[in-house]
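Below you'll find the structure, written out as structure tokens, and then a few comments.
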Amino acid sequence: MNIQQIRVFATAASSRTLSEAAEELRLRQPTVSFHLKKLEEELGVELFRKQLRHFQLTDAGSALLPYARRISALLDEAEHLMKEHREQGRGKLRIGASYTPATYFLPSYMRAFQASFPQVMSLLTVKKAGTTLNLLREYEIDVAVVSLRNVPLDGLHVIPLVPDELKLVMPTDHRLAGMADLEVDDLRGEPFLVHEPGSTSRELSEAWAREVGLQWEVRMELGAIETIKESIKFNMGIGILPRRSILREIELGELEVRDLPGYVNQRHICLVYRDEDILAYQVRTFIGFMQSRCQE
């Protein structure tokens, strides 16, 4: 007993003639007869009595009909649901993000995306950029939004969305706060509060320090941007942070910000997805949405 046989039986039981059932099913009449005969053979019972050109259900056929209709209805419902998945984006979208985009960039876009595509259930996982990319390669997430340097990644498409430059951050009463343009020599001997190893910010900060010849003094390694900001406010040192992460503190006058001497930005918030021929509708929709919104 297979799905096609059940559907043919349910339709035939509601039809006056075999040709009528065939027309509704968009099958040839011999094909309908074949499915009905095979179903009777497999069940070992007679389902119809043919009277002239009309069908009449046997007792066994009448007993089977409610089940056949229920199965057909469930199949129709399942097909409709899959069509929604395929054409309207209904389903889960697993997004991975590194800490800066997840906290200071994505929320407003996620709100707009959910308003435009309410049938998509977005799941957000927040990890370091490297860990997030590994999750993407291992098919544990569908798309990533991470802060990255301008380097290609094997097997992945990388779309820069917006610049995410690094800035020198200090307390408002720090001696450097009174200087408009800083030189590398002004930073020598200053204690730095830095990101823990493995973050894009740490890698780029170390690369910048090497390029400008600064041997910096690391006072503390910290894992969270918010912790670094609060520590800077309490004069524990100065730091290098993404500009997006300190916009609120700048507006409130809680921190001072300066350009890093000799720094050329190589950091962007990027949209990353697997290099594959076929992408799920939700993934394609999110990619297109983010590209269009970030180009406005």
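- Taking the six-membered ring for Trp and thresholds of 30 and 60 degrees, F286 and F113 have ring planes more than 60 degrees apart, a perpendicular arrangement.
- Here R26 contributes atom CZ and E24 contributes atom CD; the two are 10.0 Å apart, rounded to the nearest 0.5 Å.
- A salt bridge links E226 with K229; the closest basic N to acidic carboxylate O contact falls under 4.0 Å.
- Note on I141 and L133: same hydrophobic cluster, where clusters join Ile, Leu, Val, Met, Phe, Trp and Tyr whose side-chain heavy atoms are under 4.5 Å apart, directly or indirectly.
- Taking the six-membered ring for Trp and the full ring otherwise, the centers of Y109 and F105 sit less than 6.0 Å from each other.
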Worked verdict on L214 versus W208 for side chain to side chain contact (heavy atoms under 4.5 Å, CB included): CA-CA 8 Å; L214 176 64; W208 164 78; 3.7 Å; yes
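- Under the 4.5 Å side-chain contact rule for hydrophobic residues, V143 and I159 share a cluster.
- For the pair H268 and N265, the tightest heavy-atom approach, listed with the atom from each and the gap, is CE1-ND2, 4.1 Å.
- With contacts defined as side-chain heavy-atom distances shorter than 4.5 Å, the pair L168/E256 does not qualify.
- E20 and S15 get closest at one heavy-atom pair: OE2-CA, 3.6 Å.
- With rounding to the nearest 0.5 angstrom, the CG atom of L57 is 9.0 Å from the CG atom of L64.
- A donor atom on one side chain and an acceptor atom on the other are not found under 3.5 Å apart for S199 and S201.
- Atom CD of residue Q4 and atom CG of residue L25 lie 7.0 Å apart, to the nearest 0.5 angstrom.
- Between atom CG of residue L193 and atom OG1 of residue T227 there is a gap of 10.5 Å, rounded to the nearest 0.5 Å.
- The CD atom of Q119 sits 10.0 Å away from the CD atom of Q282 when rounded to the nearest 0.5 Å.
- The aromatic rings of W216 and F192 sit tilted relative to each other, their planes meeting at an angle between 30° and 60°.
- Looking at T103 and V126, their side chains never come closer than 4.5 Å, going by heavy atoms from C-beta outward.
- Annotation: E41, atom CD; neighbour count of heavy atoms from other residues, nucleotides and ligands within 6.0 Å is above 12.
- Here E249 does not pair with K167 in a salt bridge; the nearest charged N to carboxylate O distance is not below 4.0 Å.
- Judged purely by atom type and a 3.5 angstrom limit, T58 uses its side chain to pair as donor or acceptor with the backbone of E46.
- Within the 4.5 Å cutoff, the side chain of H35 has no heavy atoms near those of the K38 side chain.
- The shortest distance between side-chain heavy atoms of M290 and L161 falls below 4.5 Å.
- Side-chain contact between D164 and T100: present, with at least one pair of heavy atoms (C-beta onward) separated by less than 4.5 Å.
- Around atom CG of D181, no more than 12 heavy atoms belonging to other residues, nucleotides or ligands sit under 6.0 Å away.
- Expressed to the nearest 0.5 Å, how far CE of M121 lies from CD of Q114 amounts to 7.5 Å.
- In the displayed structure, E138 atom CD is contacted under 6.0 Å by more than 12 heavy atoms of other residues, nucleotides or ligands.
- For the residue pair P242 and L166, the shortest heavy atom distance occurs at N-CD2, 3.8 Å.
- Pairing each heavy atom of G61 with each of F9, the nearest pair is O-CZ, 3.4 Å.
- When atom types are taken as modelled, the side chain of Q56 and the backbone of R49 share no donor-acceptor pair closer than 3.5 angstrom.
- The two atoms that bring R284 and L279 nearest to each other are NH1-O, 2.7 Å, heavy atoms only.
- Of all heavy-atom pairs between S14 and R69, the closest is OG-NH2, 3.1 Å.
- Side chain of R274 to main chain of R137: no donor-acceptor pair is present (N/O by atom type, distance under 3.5 Å, no hydrogens or angles).
- Side chain of T200 to main chain of S147: a donor-acceptor pair is present (N/O by atom type, distance under 3.5 Å, no hydrogens or angles).
- Applying the 6.0 Å contact sphere to CG of D275 captures more than 12 heavy atoms from other residues, nucleotides or ligands.
- Looking at R94, its side chain does come within 3.5 Å of a backbone N or O of Y139 through a donor-acceptor pair.
- In summary, E190 and R175 engage in a salt bridge, as defined by a charged side-chain N under 4.0 Å from a carboxylate O.
- V8 pairs with exactly one of L27, L39, T31 by the side chain to side chain contact (heavy atoms under 4.5 Å, CB included) rule, that one being L27.
- Around CG of L74, the count of heavy atoms belonging to other residues, nucleotides or ligands within 6.0 Å exceeds 12.
- Side-chain contact between L36 and L18: present, with at least one pair of heavy atoms (C-beta onward) separated by less than 4.5 Å.
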Side chain to side chain contact (heavy atoms under 4.5 Å, CB included) between Y67 and I6, intermediate numbers included: CA-CA 9 Å; Y67 295 95; I6 290 294; over 6 Å; no
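- Using a cutoff of 4.0 Å between basic side-chain nitrogens and carboxylate oxygens, K233 and E230 are scored as salt-bridged.
- Under a hydrophobic clustering in which Ile, Leu, Val, Met, Phe, Trp and Tyr are joined whenever their side-chain heavy atoms come within less than 4.5 Å, directly or via other members, I238 and I232 fall into different clusters.
- By the neighbour-count criterion of 12 heavy atoms within 6.0 Å, atom CZ of R28 is sparsely surrounded, having that number or fewer from other residues, nucleotides or ligands.
- Using a 4.0 Å cut-off between a side-chain N of Lys or Arg and a carboxylate O of Asp or Glu, R202 and E221 qualify as a salt bridge.
- Counting heavy atoms from C-beta on, the side chains of V120 and Y281 never come closer than 4.5 Å.
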Side chain to side chain contact (heavy atoms under 4.5 Å, CB included) between M110 and I95, intermediate numbers included: CA-CA 10 Å; M110 292 302 302; I95 304 170; 3.6 Å; yes
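- Two residues are said to be in side-chain contact when any heavy atoms from C-beta on lie closer than 4.5 Å; R258 and L187 fail this criterion.
- There is no path of hydrophobic side-chain contacts, each under 4.5 Å, that joins I269 to L247.
- In terms of hydrophobic clustering, with Ile, Leu, Val, Met, Phe, Trp and Tyr side chains grouped at heavy-atom distances under 4.5 Å, L204 and I225 are assigned to different clusters.
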Worked check of side chain to side chain contact (heavy atoms under 4.5 Å, CB included) between V257 and R243: CA-CA 9 Å; V257 178; R243 184 186 67 85; 6.0 Å; no
